[in-house]
Amino acid sequence: MEKSPERPANDPVLSLVSMARKAGSVKCGTFLTEEAVRSKKARLVVFAEDMSLREAKDLKALCERNNIPFIIRGTKETLGNSTGKGLTACVAVTDENLSSGILKKI
C-alpha cells in the first residue's frame, strides 16, 4: 500500500506555513525565496528535505550571511501541499509573528 502524503494539519510547522501562505506572508520556490533573503524581507526559510543539495547549500549560506534562520521540514510534496503550489523546494516566511510561531514549534 502506498503511503499517503502528509497533510499540513499533521505537522504543526507545515500548518503554520499554510497559515502564512493564506495571510500572504510566504514566498514560494527557490528564486522568490532567494530574492526575499537578499532583500531581507524573509524572517525564516523552510527547506524541503529532498531539495537539491547544491541549491540548499547556496541558499543556506545566503541565509547565514543575512542572519535569517532556516529549518528543514517535510518533502517537496508536503511543503508544496502546505502552500498550495505543488512541488516546492523551499519557502520564505516574511511575517515576524508567524516565523516566531514556527520556530517555537520545532
Exercise. Indicate yes or no: at least one non-hydrogen side-chain atom of Asp11 is less than 4.5 angstrom from one of Thr78.
Key: no
Quiz item: Taking atom NZ of Lys22 and atom OG of Ser18, what is their separation to the nearest 0.5 Å?
Solution: 4.0 Å
Quiz item: More than 12 foreign heavy atoms under 6.0 Å from NZ of Lys76: is that the case here?
Solution: yes
Exercise. Measure across Ala92 and Thr33 and return the closest heavy-atom pair with its distance rounded to 0.1 Å.
Key: N-OG1, 3.5 Å
Exercise. Write down the atom of Ala36, the atom of Lys27, and the distance for their closest heavy-atom approach.
Key: CB-CG, 4.0 Å
Quiz item: Just how far is it from atom CG of Asp50 to atom CD1 of Ile72, taken to the nearest 0.5 Å?
Solution: 11.0 Å
Quiz item: Under a single-linkage definition using a 4.5 Å side-chain heavy-atom cutoff for Ile, Leu, Val, Met, Phe, Trp and Tyr, are Met19 and Leu103 assigned to the same hydrophobic cluster?
Solution: yes
Quiz prompt | Spatial distance of atom OG (Ser100) from atom CG (Leu16) [nearest 0.5 Å] | solution = 11.0 Å
Quiz item: Does Gly86 offer a backbone N or O that forms a donor-acceptor pair with the side chain of Thr88 under 3.5 Å?
Solution: yes
Quiz item: Is it the case that one hydrophobic cluster holds both Val93 and Val13, taking links as side-chain heavy atoms less than 4.5 Å apart, direct or via other members?
Solution: yes
Quiz prompt | Rounded distance (nearest 0.5 Å) linking atom CG of Leu79 with atom CZ of Arg73 | solution = 11.0 Å
Exercise. Quick one: which residue pairs count as a ring-ring contact (aromatic ring centres under 6.0 Å, His included) with a foot in residues 85-106, not counting sequence neighbours?
Key: none
Exercise. Hey, could you give me each pair passing salt bridge (charged side-chain N to carboxylate O under 4.0 Å, His left out) that has a residue in residues 79-105? Not counting sequence neighbours.
Key: Arg43-Glu96
Quiz item: What are the two closest heavy atoms between Cys90 and Met51, and how far apart are they?
Solution: SG-CE, 3.9 Å
Quiz prompt | Between CZ on residue Arg38 and CD1 on residue Ile68, distance to nearest 0.5 Å | solution = 11.0 Å
Quiz prompt | CZ on Arg54 to CG on Leu59, rounded to 0.5 Å | solution = 11.0 Å
Exercise. Measure from the side-chain N and O atoms of Thr94 to the backbone N and O of Ser25, and report whether any donor-acceptor pair falls under 3.5 Å.
Key: yes
Quiz item: Can you find a pair of side-chain heavy atoms, one from Val26 and one from Leu98, that are under 4.5 Å apart?
Solution: no
Quiz prompt | Val91 side chain near Val45 side chain, heavy-atom distance below 4.5 Å | solution = no
Quiz prompt | Pairs involving residues 30-55, ordered by first then second residue, that meet ring-ring contact (aromatic ring centres under 6.0 Å, His included) (sequence neighbours left out) | solution = Phe47-Phe70
Self-check item: Donor-acceptor pair, side chain of Ser39 and main chain of Glu35, under 3.5 angstrom
Solution: yes
Quiz item: Would the number of heavy atoms belonging to other residues, nucleotides or ligands and lying under 6.0 Å from CG of Leu53 be above 12?
Solution: no
